Amino acid sequence: MNRETACEVYRRLLEHYPVVGERRHFIDFANPYEALIQTILSAQTTDRAVNAVHDALFSRYPTPEVLARAEPEEVEPIIHSIGFHHAKARYIVGTARRLVAEFGGEVPQTMEELRTLPGVGRKTANIVLSHAFGINVGIAVDTHVRRVSKRIGFTNSTNPDIIERDLVALFPEEAWRDINYLLIRHGRAVCTAQNPKHEQCLVADLCRYYRALNAGE
DNA sequence: ATCCCGAGGG
DNA sequence: CCCTCTGGAT
């Protein structure tokens, strides 16, 4: 697929998805510390759930230094409603302690350093870098991104590293952060693994999978 | 009942 | 690769 078509896909998805009543929204990051902690907490939950806990958490633990002195057991009830609270309480306290002990209380700004923090994987590091620091570090390929990219025709590969390389080559750097989430949203809402909703799809006319489907009949 | 904008661990 | 960890929204 050429860049023009890819960018047309990007434009259509960008215009549509913020408006469609998605139940998830990007967290408004106040500072890198809060951004990091909130993003760790966001794994496998809604941002609404994380936002619901925001004030209680950060009024009690406003800085990495304060959170580092806490015990996971006392943090756990505060974040209970988001789920996975047992592991996540340990993650954020452990992360705060490493920030203080090894990074001078600051959030590191490289993928390598971020990923050494407990609870921070590729996806979380990507989000923190792109949203909190404006550093574009590529596209995190999950199952949604993989499926959608293959169907539309952004890539021919099933290898996540090659898929990322193809996507990165196809979109301008400023778009990486957004295209990442647009593909995930689109994959969940419309381009589902089973019974994709072609009637609702904004980019069906540009989609390789959809065109092949119709050509066969 | 079903799904989940992940990470860690086996 | 597989599994587990959890509550909440729908």
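Just so we're clear, the structure is a prediction, and the values are computed from it rather than from any experiment. Letters A, B, ... are given to chains in the order of the sequence lines, protein chains preceding strands, and every chain is numbered from 1. Computed over heavy atoms, backbone and side chain alike; hydrogens, waters and symmetry mates excluded.
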- Note on the structure: Residues passing the side-chain contact (heavy atoms from CB on, under 4.5 Å) test with A/E71, sequence neighbours excluded, are A/E73, A/E74, A/R97
- Task: May I have the distance from A/I79 (atom CD1) to C/dC5 (atom P), rounded to whole angstrom?
- Result: 16 Å
- Starting at NE2 of A/H86 and ending at C1' of B/dG9, how long is that distance when rounded to a whole Å? 14 Å
- Message: Quick test of your reading of the model: are A/R12 and A/E15 salt-bridged, counting only N-O distances below 4.0 Å?
- Response: no
- Indicate yes or no: does A/E4 engage A/R11 in a salt bridge with an N to O separation below 4.0 Å. no
- Once you round it to whole Å, what is the distance between C1' of B/dG6 and CG of A/D142? 9 Å
- Sorted by chain and number, sequence neighbours left out, ring-ring contact (aromatic ring centres under 6.0 Å, His included) with A/Y61 holds for none
- Could you give the NZ-to-P distance, from A/K88 to B/dG8, as a whole number of Å? 12 Å
- Task: Give the nucleotide from the list B/dC5, C/dT10, B/dG6 with an atom nearest to the side chain of A/R48.
- Result: C/dT10
- What integer distance in Å separates A/R188:CZ from B/dT2:C1'? 12 Å
- Message: Output the rounded distance in Å from OH (A/Y91) to P (C/dT6).
- Response: 10 Å
- Output yes when at least one side-chain N/O atom of A/T45 is less than 4.0 Å from OP1 or OP2 of C/dG7, else no. no
- Roughly, in whole Å, what's the span from CD in A/Q44 to C1' in C/dG8? 13 Å
- Message: Measuring from the side chain of A/H85 (C-beta onward, heavy atoms only), which nucleotide among B/dG8, B/dC5, C/dG7 has the closest atom?
- Response: C/dG7
- Message: Determine whether A/S42 and A/K123 satisfy the following criterion, side-chain hydrogen bond (donor to acceptor under 3.5 Å, both in side chains), listing intermediate values before the conclusion.
- Response: CA-CA 11 Å; A/S42 294; A/K123 189 72 162 287; over 6 Å; no
- Item | Minimum-distance nucleotide (side-chain atoms of A/S81 versus C/dG7, C/dA9, B/dC5) | C/dG7
- Task: For nucleotides C/dT6 and B/dG10, find the distance between their P atoms and express it as a whole number of Å.
- Result: 16 Å
- Nearest-Å distance, CZ (A/R147) to P (B/dC5)? 11 Å
- Message: For the C1' atoms, the ones on C/dC1 and on B/dC5, what distance do you get once it is rounded to whole angstrom?
- Response: 23 Å
